[in-house]
Amino acid sequence: MEKVLVIGAGGQLGVELTLALREKFGSENVIASDIREPHVLLAESGPFIQLDVMNSNAVAAVVKKESITQIYLLAAILSATGEKNPLWAWDINMKSLMNVLDICVEHKVAKLYWPSSIAVFGNTTPKDDTPQKTVIEPTTVYGISKYAGELWCQYYFEKYGLDVRSMRYPGLISWKSAPGGGTTDYAIDIYIEALKKQSYECFLSEHTYLPMMYMDDAVRATLELMDAPKESIKNRMSYNLAAMSFSPKEISEAIQKRIPEFTISYAPDFRQKIADSWPSKIDDSDARADWGWKPEYDLEKMTDVMLEMLKTVNRI
Ligand code: SER
């Protein structure tokens with residue numbers, strides 16, 4: 001029987017991934033944890049522990065007491081927040097990973113999931129159809145910590161045989177839980193503001209193409225990667241993962257088809273430089289070949305769902 005610990009379960013990805021894991025393994029077998037108070041969707045659907053991943057002893061105690069077999073480490077400081085306090089972001093992103101890698105080895109946790117990001121890529125990486133293996137010179141502290149972390153994951157796999165798996169998420173778009181501190185977050189705010197005010201001022205310029213993914217695809221990809229037989233995981237750093245790419249102008253046009261009065265204006269800020277250093281389109285053929293990845297949502301399908309769900313469930 002699997003016993004799962006999700007660390008950073010209150011974040012944008014954490015909430016939805018925890019709900020999916022609870023569906024898969026049974027609510028009582030998936031412990032959500034976060035440094036913050038529990039998100040309402042987590043508190044009412046299964047066990048929750050308030051836990052600081054920087055406190056290695058506290059995490060180890062939970063792993064031991066609950067006989068944890070899988071950990072999903074989702075706690076992280078994202079790109080835009082990280083740039084405001086780089087050393088703090090580095091400390092949290094790296095120490096959390098090192099703590100958990102060691103705990104997994106010491107307590108024989110069978111599997112670890114740790115997400116990486118398109119932020120590992122920098123200005124010297126090919127922007128279109130960015131290959132799995134390419135020049136990697138990240139410009140943000142978030143990207144640097146993710147790339148260093150990928151190497152550490154591979155190191156723990158090689159040295160200790162730890163079954164650690166990872167993928168490089170594009171910008172994730174969701175309606176259940178709010179994003180926090182990312183450069184791609186505009187693609188969520190735009191839907192919310194379109195419903196509230198029929199207008200949006202975008203912090204990126206109109207032709208900034210970035211790789212994006214609807215949350216249901218991201219959650220499914222994560223479950224599929226973790227389910228794949230060990231021998232099919234040929235990459236122990238992190239898989240490129242893709243679904244769609246669009247610019248602020250294109251997402252605004254998709255919204256205008258459904259809300260004709262919607263208008264967009266542009267006021268790029270410090271996040272433009274971060275976005276400009278990232279790829280516009282990712283080649284994820286290794287993920288497709290090794291464990292069968294295939295996205296289901298494109299911009300049109302996602303726009304239908306986002307507007308519908310934000311309107312009905314979130315009552316915007
Ligand atoms: N969505 C993340 C960010 O913008 C990228 O992984 O920071």
Side-chain angles (χ1 to χ4, degrees), residues 8 11-17 72-86 88-90 92-94 96-97 113-123 125 127 130 136-150 153 166-191 202-205 208-219 221-222 225 237-248 251 268-282 284 287 295 297 302 306:
Q12 186 200 7
L13 172 64
V15 170
E16 302 222 22
L17 189 56
Y72 293 73
L73 171 56
L74 310 177
I77 306 300
L78 295 200
S79 62
T81 309
E83 288 317 287
K84 293 182 185 154
N85 198 341
W88 167 76
W90 170 258
I92 290 184
N93 291 355
M94 291 318 294
S96 58
L97 177 61
Y113 179 74
W114 178 80
S116 185
S117 158
I118 54 162
V120 297
F121 301 118
N123 291 310
T125 304
K127 281 210 178 301
T130 305
I136 296 191
E137 295 180 325
T139 59
T140 60
V141 71
Y142 175 60
I144 299 171
S145 67
K146 285 296 180 190
Y147 193 48
E150 289 186 9
C153 287
S166 177
M167 57 191 135
R168 295 166 178 159
Y169 291 121
L172 299 183
I173 296 159
S174 62
W175 53 269
K176 264 187 211 160
S177 48
T183 302
T184 54
D185 295 357
Y186 89 85
I188 299 167
D189 297 343
I190 195 170
Y191 288 119
C202 188
F203 58 74
L204 297 182
S205 64
T208 309
Y209 274 84
L210 286 171
M212 300 279 187
M213 180 175 284
Y214 182 55
M215 183 59 86
D216 285 23
D217 270 344
V219 167
T222 311
L225 174 69
M237 285 187 64
S238 191
Y239 278 99
N240 279 7
L241 190 76
M244 62 183 105
S245 282
F246 55 77
S247 63
I251 189 174
D269 65 13
F270 74 101
R271 289 167 281 195
Q272 183 66 44
K273 200 169 154 207
I274 300 176
D276 286 342
S277 77
W278 290 349
S280 25
K281 195 163 166 277
I282 301 282
D284 62 355
Y297 286 82
M302 177 176 78
M306 284 296 288

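All values reported here derive from a predicted model rather than from experimental measurement. Just so you know, residue 1 is the first one in the sequence shown, and it goes up from there. Numbering of ligands and ligand atoms starts at 1, following listing order.
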Smallest separation among heavy atoms of Ser238 and Ser116, with atom names
OG-CB, 3.3 Å

In the protein, what heavy atom is nearest to [atom], and what distance, to one decimal place, separates them?
{"atom": "atom 4 (O) of ligand 1", "result": "Thr183 N, 2.6 Å"}
{"atom": "atom 5 (C) of ligand 1", "result": "Ser117 OG, 3.4 Å"}
{"atom": "atom 1 (N) of ligand 1", "result": "Thr184 OG1, 2.8 Å"}

If you count the atoms of ligand 1 from 1 in the order shown, which ones are under 4.0 Å from a heavy atom of Leu78?
7 (O)

Side chain, backbone, both or neither: which applies to Trp278 and ligand 1 if a contact is any heavy-atom pair less than 4.0 Å apart?
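Trp278 to ligand 1: side-chain contact only, backbone stays beyond 4.0 Å.
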
Can Glu150 and Arg168 be counted as an ion pair, charged N to O under 4.0 angstrom?
yes

Does Ala119 have any side-chain contact (heavy atoms from CB on, under 4.5 Å) partners at least two apart in sequence or in another chain, and if so, which?
Ser117, Thr140, Tyr142, Trp278

Counting only heavy atoms not in Lys281, do more than 12 sit closer than 6.0 Å to its NZ atom?
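It does not: Lys281 NZ has 12 such atoms or fewer within range.
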
Ligand 1 and Ser79, any nitrogen or oxygen pair closer than 3.5 angstrom?
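Such a contact does occur with ligand 1.
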
Measure the spacing between OG of Ser177 and CG of Leu13 and express it to the nearest 0.5 Å.
8.0 Å

